[in-house]
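Computation of the quantities below employed the complete heavy-atom set of this structure, encompassing side-chain atoms and omitting hydrogens, waters and symmetry-equivalent molecules. Counting convention: from 1, in listed order, for ligands and their atoms alike. Bear in mind that the values here come from a model prediction, so they are computed numbers and not experimental data.
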Amino acid sequence: MAELRKDYILDQYVIIAQERAKRPSQFSRSPPTPSSDKDCPLCPHNEHMIPGVLEQVGDGRGGWLMRAIPNKFAAVGQEGSAALSTHDPLFVHGLALGEHEVIIDTPHHDMEFEDLSVEHIERLLQFYAHRARVVESKPHVRYTALFKNRGEEAGASISHSHAQIIGLSVFPPAVARLFDRAYDYALRNESCPFCDVIRREKHSKRLIFINKTFVCIAPFASRFPFEAWILPLRHVPAMDKLRKEEFSDFAHMLRKVLRRLGTLGVPPYNLVFYNDERQGMFHFHVQVLPRLAKWAGFEHEVSVPINPVPPESASSFYREG
Ligand SMILES: [Zn+2]
Ligand SMILES: [Zn+2]
Ligand SMILES: [Zn+2]
């Protein structure tokens, strides 16, 4: 029988369809054909195609290792009032204000994120944390989203490895709900829900990897096949509060998880970083969301995903490769 599971803290349900369970190999696909770098705006030889450079880390030889640039097709603008017009309750609207930048992970066009060296990924995660902090400090920004889309099905329009940061002038309700739930739990239980999740899952079948300062689990109510969460063992609210050795452990773990996932034929995925830069109470973590299952009418109508890969199988896939 399929099992209905609820998220650790959110009122969010999933159906773990054991009967429809598939073996990891059934998700295997042929890797995407490499794209041409001729018209790639993120490549060093096409610098004329980008609107400018916000900040970069040099390679010591006149080139760069990673850089932040403004998004040419920004989803949000920087000028105007953040006020919403609410005089007509059915048609509330306003300017989509904020910041939108792209972080180019590497000058090499064909390098997948997980093929970069651990040292490079560590440096990159520090750069992400720094840029997220810079965006967060802008006066019109209330929340900073940091994410990575890999593959067309995951929404990436450019194959050259990159991440994006969007600073929003409104605090997104979905994130507010998540933070509120975590806070409520903490008040009732006198401990952070994610610290408790780590304490419990560390000894469960859903443990994927653990090192000195980080842990990776397949969450109990996984919405996506092979969903994985990477959390610091220490209660840290935002990525820029991580210590040097934590960044290193984080880089090792993220790379290991993505490389294992990559054995399915470089599947599309989203990485979402939950950073609490403001209240400083949340437990920072990254969610790896592989996009191997299509969401259909049911998922869109009721927001209850059907996941054919029980997290207990996903974790053994990651552990055993
Ligand atoms: Zn800087
Ligand atoms: Zn490129
Ligand atoms: Zn915690």
How are the rings of F194 and W229 set to each other: parallel, tilted or perpendicular (split at 30° and 60°)? tilted

Rounded to the nearest 10 degrees, what's the angle SG of C192 makes with SG of C195 at the Zn ion (ligand 3)? Could you check? 110°

Nearest to the Zn ion (ligand 3), which N, O or S atom of H235 do we find? ND1

With the Zn ion (ligand 3) as the point of reference, which N/O/S atom of H283 is the closest? ND1

For the Zn ion (ligand 2), find the closest N/O/S atom on H160 and give its atom name. ND1

Side chains of Q12 and R181: donor-acceptor distance under 3.5 Å anywhere? no

In degrees, rounded to 10 degrees, what angle do C43 atom SG and C40 atom SG make at the Zn ion (ligand 2)? 120°

Do the rings of F171 and Y143 sit parallel, tilted or perpendicular, given the 30° and 60° boundaries? perpendicular

side-chain contact (heavy atoms from CB on, under 4.5 Å), paired with M66, selected from Q56, H162, R123: R123

Side chain to side chain donor-acceptor pair (under 3.5 Å) between H140 and Q78, worked out: CA-CA 8 Å; H140 55 287; Q78 292 169 309; 5.6 Å; no

Do any N/O/S atoms of H109 come under 2.8 Å of the Zn ion (ligand 2)? yes

